[in-house]
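FYI, side chains are in, hydrogens and waters are out, and symmetry mates aren't considered; it's all heavy atoms of this structure. In this text the structure is predicted, and so the values were computed from the model without any measurement.
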Amino acid sequence: MKRLVWFYRISSVSLFALGFIVLLGGQGFRVNLTPSEPLGLWRIVKPDRPILVGDLVFICPPDTDALREARARGYLRFGLCAGWVAPLIKRVVATSGQAIEIHDDVRIDGRPLPHSHVARTDGQGRGMVQYEGGVVPPGTVFLHSAFSGSFDSRYFGPLPMEGILGLAQGVWTYAP
């Protein structure tokens, strides 16, 4: 009997938590559990201006072979974007027309991007494919996170701006 009561309590708390998360998600809130940006509760804010270099955004990545491989390797979390991945939270570091060079680190228009070392292997020793570089095409953005283990445009290249859900605004965050 005690097991049944315990089961009902856990089930009730779990359903309440799931409902709360769904409710928050419907209001534009997201929980970030990745170290790319501070952990915690964030809000997606619709911008009232064009997206600029320096903006922190939530973006749904397109369902491409490279991003499906990243999902299979565990670089991307489960979510409601195409390919069943969660939106990424990344900083825009280059926009249309800017030149990207990638070697051991990233250079934008010839200037080094801080904290942009390019990993040759992931944490499990698997080879990482890096973006070849080039000019950021119209309608796309190059994304970055200062976290050294971040899976960002260093590896998958620019993403379409149409995937941007909005600006990321911290509500209650914690940077370990």
Side-chain angles (χ1 to χ4, degrees), residues 28-30 32 34-40 42-77 79-123 126-171 173 175:
F29 290 91
R30 294 290 185 271
N32 179 44
T34 66
S36 291
E37 293 298 331
L39 308 175
W42 292 79
R43 184 165 185 227
I44 298 172
V45 178
K46 292 289 182 192
D48 58 357
R49 58 170 175 72
I51 297 297
L52 305 170
V53 169
D55 285 342
L56 188 62
V57 298
F58 275 101
I59 186 168
C60 279
D63 189 18
T64 64
D65 289 340
L67 290 165
R68 279 191 293 277
E69 173 70 16
R71 174 78 175 103
R73 286 185 172 199
Y75 304 158
L76 304 176
R77 297 188 188 276
L80 298 177
C81 294
W84 298 109
V85 299
L88 305 175
I89 179 172
K90 304 289 179 197
R91 189 154 313 272
V92 175
V93 294
T95 58
S96 175
Q98 292 188 274
I100 306 296
E101 298 172 51
I102 298 186
H103 301 288
D104 289 334
D105 61 357
V106 177
R107 292 182 172 274
I108 300 172
D109 293 334
R111 291 184 304 278
L113 178 63
H115 310 288
S116 66
H117 174 75
V118 179
R120 303 293 178 215
T121 59
D122 67 9
R126 298 173 293 197
M128 297 286 292
V129 176
Q130 69 186 40
Y131 173 61
E132 298 171 358
V135 175
V136 178
T140 65
V141 289
F142 193 86
L143 305 167
H144 176 68
S145 168
F147 174 66
S148 63
S150 176
F151 186 69
D152 54 35
S153 288
R154 291 175 276 189
Y155 307 103
F156 52 72
L159 292 184
M161 290 183 73
E162 65 195 26
I164 294 176
L165 301 173
L167 300 171
Q169 180 183 64
V171 175
T173 61

Would you compute the distance between atom [atom1] of [X] and atom [atom2] of [Y] and round it to the nearest 0.5 angstrom?
X	Y	atom1	atom2	answer
L143	R154	CG	CZ	11.0 Å
R107	I100	CZ	CD1	12.0 Å
S153	I59	OG	CD1	8.0 Å
T140	Q98	OG1	CD	10.5 Å
I164	I44	CD1	CD1	11.5 Å
I89	L165	CD1	CG	11.0 Å

[X] side chain vs [Y] backbone, donor-acceptor pair below 3.5 Å:
X	Y	result
H117	D104	yes
Y155	A66	no
D55	V92	no
R68	D63	yes
K46	L167	no
R43	G28	no
H144	H115	yes

How close do [X] and [Y] get, counting heavy atoms only, and between which atoms?
X	Y	answer
S96	G139	CB-N, 4.3 Å
W42	G170	CE3-N, 3.3 Å
S150	S145	OG-CB, 3.2 Å
R30	P87	NE-CG, 4.0 Å
V118	Q130	CG1-OE1, 3.3 Å
A86	P61	O-CD, 4.2 Å

Validation row: [X], [Y] side chains within 4.5 angstrom (heavy atoms):
X	Y	result
L76	L88	yes
K90	L159	no
V57	M161	no
L67	V85	no
V136	T95	no
P38	N32	no
E37	L56	yes

F156: which of F142, Y75, F151 passes ring pair (Phe, Tyr, Trp, His ring centres under 6.0 Å):
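So the option named by the test is F151.
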
